[in-house]
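Working notes, structure below.
Numbers for residues simply follow the sequence, beginning at 1.
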Amino acid sequence: MKKIILTLVFSILILGCKSQSATNTKVDNKTERIIKGNWQITAVNYPGSDVIKVTSFDLADSKCFIGSNWKFVSNNNKGILALNSPNCTAYSTPITWFINKEGQFVMKILDEAKAKKVKSGYVLNVANVTETTFQLIDKINVGGKLTDVVYQFEKLN
């Protein structure tokens with residue numbers, strides 16, 4: 001079950017997304033091979049983005065993810081997430097990830113810990129996968145209504 005934290009600050013609604021359980025651990029190797037490599041988030045879109053602040057992956061404002069670099073290694077399901085927006089705090093961390101047969105992207109942020117010691121992670125839907133672009137879609141609760149947060153990825157190489 002996904003937990004949502006709501007806080008009202010200066011008339012701006014702040015939402016934080018927490019982890020949820022993956023329902024299927026069978027891996028979609030074909031999609032994983034398509035997204036292996038280096039990617040960048042070029043946009044983060046959701047309704048109400050002018051008044052709603054979303055904290056992505058319990059790390060930073062979702063807008064700080066625009067321009068972030070992601071490396072996905074499909075043969076060992078490891079990678080790196082690096083925030084580098086000039087208006088945000090720089091951050092880089094190893095990740096472990098996979099895409100299951102239900103089209104869900106399952107990720108753990110490792111920081112200093114080994115993957116098996118990390119007990120929580122993130123589950124997002126994968127959509128519109130091509131050789132050069134794909135989307136990760138998170139669901140957040142805004143006023144009792146589920147809303148999509150769409151992370152648009154473009155391949156760097």
Side-chain angles (χ1 to χ4, degrees), residues 2-20 22 28 30-100 103-113 115 118 120-142 146-157:
K2 187 181 287 190
K3 297 178 185 175
I4 303 297
I5 301 168
L6 297 174
T7 309
L8 190 57
V9 177
F10 303 111
S11 301
I12 298 174
L13 188 61
I14 300 172
L15 298 170
C17 301
K18 293 270 188 194
S19 62
Q20 70 181 45
D28 179 353
K30 180 181 176 188
T31 304
E32 284 187 357
R33 282 191 300 276
I34 292 171
I35 71 162
K36 77 177 178 182
N38 297 305
W39 297 79
Q40 185 173 69
I41 294 181
T42 57
V44 179
N45 298 304
Y46 53 92
S49 62
D50 52 338
V51 294
I52 299 172
K53 181 179 178 181
V54 174
T55 299
S56 297
F57 307 106
D58 296 320
L59 293 175
D61 182 283
S62 62
K63 300 303 180 193
C64 292
F65 282 80
I66 298 171
S68 64
N69 294 319
W70 297 62
K71 180 176 183 175
F72 301 111
V73 181
S74 62
N75 66 339
N76 65 4
N77 296 98
K78 302 270 188 213
I80 298 172
L81 172 162
L83 300 179
N84 50 17
S85 173
N87 300 327
C88 303
T89 302
Y91 177 78
S92 181
T93 186
I95 60 172
T96 185
W97 65 280
F98 69 90
I99 298 173
N100 68 21
Q104 295 172 316
F105 177 86
V106 181
M107 177 180 76
K108 288 182 181 181
I109 294 174
L110 301 181
D111 285 323
E112 301 293 322
V118 177
S120 63
Y122 304 89
V123 179
L124 295 88
N125 290 322
V126 179
N128 303 315
V129 178
T130 71
E131 295 292 327
T132 59
T133 64
F134 75 94
Q135 296 172 328
L136 291 181
I137 303 170
D138 196 7
K139 295 258 187 220
I140 62 169
N141 185 331
V142 178
L146 285 180
T147 302
D148 288 345
V149 177
V150 180
Y151 301 89
Q152 180 67 48
F153 284 79
E154 288 191 19
K155 190 151 192 153
L156 294 174
N157 57 19

Legend entry - Heavy-atom check, side chain of L59 versus side chain of I109, under 4.5 Å: yes
Inset, instruction - Taking the side chain as every heavy atom from C-beta outward, state whether L110 and I95 have any atom pair closer than 4.5 Å. - result: no
Inset, instruction - Of all the heavy-atom pairs spanning L124 and L136, show the shortest one and how long it is. - result: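 The answer is CD2-CB, 4.1 Å.
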Legend entry - side-chain contact (heavy atoms from CB on, under 4.5 Å) partners for N84, two or more places apart: N69
Inset, instruction - Sequence neighbours left out, what passes side-chain hydrogen bond (donor to acceptor under 3.5 Å, both in side chains) with E154? Give chain and number order. - result: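 E154 satisfies side-chain hydrogen bond (donor to acceptor under 3.5 Å, both in side chains) with no other residue.
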Inset, instruction - Measure from the side-chain N and O atoms of D61 to the backbone N and O of K63, and report whether any donor-acceptor pair falls under 3.5 Å. - result: yes
Legend entry - Exam field: side chain W97 to backbone K108, donor-acceptor pair closer than 3.5 Å: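 Between the backbone of K108 and the side chain of W97 there is no qualifying donor-acceptor contact (under 3.5 Å).
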Inset, instruction - Could you verify whether a donor N or O on one side chain and an acceptor N or O on the other, from D138 and Y151, lie under 3.5 Å apart? - result: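 Not at all, the side chains of D138 and Y151 share no donor-acceptor pair under 3.5 Å.
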Inset, instruction - Please determine, by modelled atom types, if N77 and E32 share a side-chain donor-acceptor pair under 3.5 angstrom. - result: yes
Legend entry - Y46: ring-ring contact (aromatic ring centres under 6.0 Å, His included) partners, not counting sequence neighbours: none
Inset, instruction - Drop me the distance from I34's CD1 to D28's CG, to the nearest 0.5 angstrom. - result: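 Here the interatomic distance stands at 8.0 Å.
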Legend entry - Neighbour count above 12 (heavy atom, 6.0 Å) for K36 NZ: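 No, because the 6.0 Å sphere around NZ of K36 holds 12 heavy atoms or fewer from other groups.
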Inset, instruction - With F105 as reference, evaluate F153, F72, W39 under the ring pair (Phe, Tyr, Trp, His ring centres under 6.0 Å) test and give the passing residue. - result: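 Looking at F153, F72, W39, the match for F105 under the ring pair (Phe, Tyr, Trp, His ring centres under 6.0 Å) is F72.
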